[in-house]
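As structure tokens, the structure follows; a few thoughts come after it.
For the numbers below, each heavy atom of this structure counts, side chains included, while hydrogens, waters and symmetry mates do not. Per chain, numbering begins at 1; letters A, B, ... match sequence-line order.
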Number of protein chains: 2
Amino acid sequence: MVERSAHLDAVFHALADPTRRAMLGQLAERELTIGELATPFHMSFAGASKHVRVLENAGLVKRTIRGRTHLCRLEAARLAEADAWLKRYERFWNTNLDRLEALLRAEDEAKARK
Amino acid sequence: MVERSAHLDAVFHALADPTRRAMLGQLAERELTIGELATPFHMSFAGASKHVRVLENAGLVKRTIRGRTHLCRLEAARLAEADAWLKRYERFWNTNLDRLEALLRAEDEAKARK
DNA sequence: GGATCGTTCAACCATGTGGTTTACTATAGT
DNA sequence: ACTATAGTAAACCACATGGTTGAACGATCC
């Protein structure tokens with residue numbers, strides 16, 4: 001009965017840590033190496049490495065090894081999954097969006113009927 | 001430098017567990033007591049109670065005690081915060097939105113230049 | 001009052017977490 | 001060849017997690 005999704009488990013868990021969210025924020029601007037990710041958080045390489053692995057396991061980051069440096073880039077598809085999950089609850093908080101959706105749907109139907 | 005948000009920490013952590021996500025799913029349909037929440041997961045009352053507390057601490061559930069039963073209802077505002085955070089990454093997965101943004105920006109600039 | 005129901009509390013267990021330090025591998029620069 | 005650099009691996013720490021059980025508390029029913 002439990003809605004099982006290892007993806008969502010991993011993604012939400014990865015996002016539950018502020019350091020990791022900040023890392024994603026950095027990666028949204030440009031690709032970064034582990035070292036570049038570690039520096040702003042005055043954290044050891046090994047610490048940053050662990051965080052990156054968590055992000056990687058959640059599918060939020062892809063790594064390409066070039067020489068001795070590991071370049072990390074954001075991979076947002078799994079964020080889309082999380083977003084899709086949240087969307088199911090949108091009606092509970094966003095009445096404006098409800099109206100917008102209704103409006104758009106009405107327009108589409110009008111167009112389809114034209 | 002770390003983007004600090006205890007709210008987001010708590011919300012994402014609460015969502016990282018499939019049992020809790022399922023509980024929210026149940027609560028999206030109707031208010032439920034702790035016992036009603038516990039039953040479908042063949043889990044002890046105390047276990048369910050702990051999960052509910054996590055959801056409560058994250059602000060995702062509000063509890064009203066009536067007599068000896070505790071009624072839980074979904075409180076989606078904090079989900080909206082999580083959604084807002086995710087929105088910042090929407091352009092990475094939604095190329096349609098990319099184009100829309102580019103279009104709007106171009107219009108704005110044209111207007112500013114007029 | 002006594003039994004029962006819904007729930008929490010406290011203790012416990014195994015495991016996971018975020019973080020460190022030290023040691024190691026592998027690439028790069030001189 | 002020597003050394004410095006980028007990163008991982010492993011061991012460790014203090015603490016949180018998800019789960020259990022058993023006792024306790026408060027409200028309800030007879």
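Look at NE2 on B:H70: it is 12 Å from P on D:dG26, rounded to the nearest Å. Atom CG in A:L32 sits roughly 14 Å away from atom C1' in D:dA6 (whole-Å rounding). When rounded to the nearest whole Å, the span between CG of B:L71 and P of C:dC5 equals 19 Å. Rounded to an integer number of Å, the gap from A:D9 CG to C:dG16 C1' is 14 Å. Note: CD1 (A:I65) to P (C:dT25) measures 17 Å, nearest angstrom. Rounded to a whole Å, the CG atom of B:L37 is 14 Å from the P atom of D:dG19. Remark: P of C:dT21 and CE of A:M43 are 12 Å apart, rounded to the nearest angstrom. In this structure, A:F45 atom CZ and C:dA26 atom P are separated by 18 Å, rounded to whole Å.
At a threshold of 4.0 angstrom between heavy atoms, the contacts of A:G47 include nucleobase atoms, whether or not backbone atoms are also involved. Contact annotation for B:R20: backbone-only contact, meaning every heavy-atom pair under 4.0 Å involves sugar-phosphate atoms and none involves a base.
Smallest separation of non-hydrogen atoms from B:A14 and B:A58: CB-CB, 3.9 Å. Taking all atoms of both residues into account, the shortest heavy-atom contact from B:V61 to B:E75 is N-CB, 4.1 Å. Closest non-hydrogen pair, A:E31 versus A:E36, comes out as O-OE1, 4.4 Å. Between A:R20 and A:H13, the closest heavy-atom pair is NH2-O, 3.2 Å.
B:T33 has no side-chain polar atom (N or O) that falls below the 4.0 Å cut-off from OP1 or OP2 of C:dG6. Contact annotation: A:S49 side-chain N/O to D:dT8 OP1/OP2 distance is under 4.0 Å. OP1 or OP2 of D:dA9 lies within a sub-4.0 Å distance of a side-chain N or O belonging to A:R53. OP1 and OP2 of D:dG18 both lie 4.0 Å or more from every side-chain N or O belonging to B:H51.
Positionally, the nearest nucleotide of DNA chain C for A:H13 lies more toward the 5' end than for the other of A:A48 and A:H13. Each of B:A46 and A:D17 has a nearest nucleotide on DNA chain C; the 5'-most of these lies closest to B:A46.
When distances run from any side-chain atom of A:K50 to the nucleotides C:dT20, D:dG19, C:dT7, the shortest one goes to C:dT20. Taking every side-chain heavy atom of A:R68 into account, D:dA4 is the closest of C:dT7, D:dT21, D:dA4. Among C:dT7, C:dG18, D:dG7, the nucleotide with an atom closest to any side-chain atom of A:I34 is D:dG7. Closest to the side chain of A:S44, from the set D:dG18, D:dG7, C:dT20, is C:dT20.
The cluster map of Ile, Leu, Val, Met, Phe, Trp and Tyr, joined by side-chain heavy atoms under 4.5 Å apart, puts A:F12 and B:W93 in the same cluster.
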